[in-house]
Amino acid sequence: MVTDGVTGERFCGGCGFVITERVDNSGPDLRAFSKEEYDDKARTGMPTSLAVHDMGLATIIGHENSDSTGKPLSASMKSTIKRLRTWDGRSQVHSSIDKNFRQAFSELDRLKDKLAISDSLIEKTAYIYRKALEKGLAKGRSIPGLIAAALYLACRDTGTPRTLSEVARQINVKRKDVSRCYRLLLQELDLTMPVLDPVRCMSRIASEAGLSEKVKRQALTILEDANNMEITAGKDPMGLAAAALYLSCTMNNEDTTQKVIALAAGVTEVTIRNRYKGLKESLNIQVPNKIKLNLGTNF
DNA sequence: TAAGATAAGAGGGACAT
DNA sequence: ATGTCAGTCTTATCTTA
């Protein structure tokens, strides 16, 4: 059993099967402005460290001076993180930037739990957000939108499979607003992001939809072939991964539906169908007729 | 009931004006 | 800067097996 320090996912070191990758997120989406209120509205399974709300930033920002990949931080990054920790000890808000930062962090606090994000990702998000504030990008923009964008940026940067829609939904900001902030950050901070790796997406979808290892492996080879044929450019990675999984399911006669996979992947059935069709045609894959198994029950 | 088909609409990138 | 265009994805509805 290995825990990915970057994505916070726990998976088998041998086969890569993801054991748990996210906490229940179907609870109410409520704001809380005090510890008591937070405790009242919190769902079960809340980590105790978060319940001790007064511990604040120090519980969020770890003390190891290394980034999410384990490499030591640069000197400037180190001092930035140090400052973040220090601020938390202060009872007074010194400037508008500090104030903004505190507010942003209370948002981030909630997101962390809902999206099952690791501490190192939180640090990265904080770093990005701080940069954004220094550049004055917060002016005229909502804090939740910007912090969500920073978080999504950190996810993309580390290859953590969280979709823009997910992040936006959990923080209760319109997807397009987060999207706008995200592009702004990319531009202003002079960053380029690698395309989200469909392979990473697959682990998530496969475990969420309860698919077998065999199916997952075959879906992986399908994705590789698709990549080699350059038919994946410009397509939604999640949709591609989902379609590859579905195709693999039909090839292996694994009992599943588009609906299940679509739900797990966070894309629509139509998208899966389109990618599915494209994959099947481009790779010239013959799909056997579905053998109807009389199992009596769905599970 | 699941899968496929089709249409309308949103949002963003590329490109020209 | 602004408008147009092609391509993608989503939502909704209808048909098919």
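Naming: A, B, ... by sequence-line order, numbering from 1 per chain.
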Task: Ion pair E134(A)/R130(A), N-O distance below 4.0 Å - done: yes
Task: Out of dG12(B), dG4(B), dT11(C), whichever nucleotide has its closest atom nearest the side chain of Y246(A) - done: dG4(B)
Open item on the list: Rounded to whole Å, how long is the line connecting atom CD of E269(A) with atom C1' of dC14(C)?
Closed with: 14 Å
Task: D119(A)/K112(A) ion pair, N-O < 4.0 Å - done: yes
TODO: In whole angstrom, give the distance that lies between atom CG of L247(A) and atom P of dA3(B).
DONE: 13 Å
Task: Which nucleotide in dA2(B), dG12(B), dA12(C) has an atom nearest any side-chain atom of T257(A) - done: dA2(B)
Task: K176(A) NZ to dG9(B) C1', straight-line distance once rounded to whole Å - done: 13 Å
- [ ] Using whole Å, report how far CD1 of I272(A) lies from C1' of dA3(B).
- [x] 12 Å
Task: Phosphate contact (dG12(B) OP1 or OP2) by R183(A) side-chain N/O below 4.0 Å - done: yes
Open item on the list: Could you tell me how far apart L186(A) (CG) and dG12(B) (C1') are, to the nearest whole angstrom?
Closed with: 14 Å
Task: Contact under 4.0 Å: K235(A) side-chain N or O vs dT8(C) OP1/OP2 - done: yes
- [ ] Specify the residue among N274(A) and K259(A) whose closest nucleotide of DNA chain B lies further upstream toward the 5′ end.
- [x] K259(A)
TODO: Would you please confirm or rule out a distance under 4.0 Å between OP1 or OP2 of dG12(B) and any side-chain N or O of S179(A)?
DONE: yes
Task: N or O in side chain of Y276(A) less than 4.0 angstrom from dA3(B) OP1/OP2 - done: no
Task: Nearest listed nucleotide, side chain of D236(A), among dC9(C), dT10(C), dG12(B) - done: dC9(C)
- [ ] Could you tell me whether the phosphate oxygens of dG12(B), OP1 or OP2, come under 4.0 Å of any side-chain nitrogen or oxygen in R180(A)?
- [x] yes
Task: Nucleotide dT15(C), atom P - distance to CZ of R273(A) in whole Å - done: 16 Å
Open item on the list: Can you confirm whether the side chains of E166(A) and T163(A) place a donor and an acceptor under 3.5 Å from each other?
Closed with: yes
Task: Check: R175(A)/S179(A) side-chain N/O donor and acceptor closer than 3.5 Å - done: no
Task: Length of the CG-P vector between D255(A) and dA2(B), whole Å - done: 10 Å
Task: Nucleotide of dA3(B), dT10(C), dC9(C) approaching Q258(A) most closely (side-chain heavy atoms) - done: dA3(B)
Open item on the list: Testing the 3.5 Å rule here: is there a donor-acceptor pair between the side chains of Y152(A) and D157(A)?
Closed with: no
Task: Separation of atom CG in L164(A) from atom C1' in dA10(B), rounded to whole Å - done: 14 Å
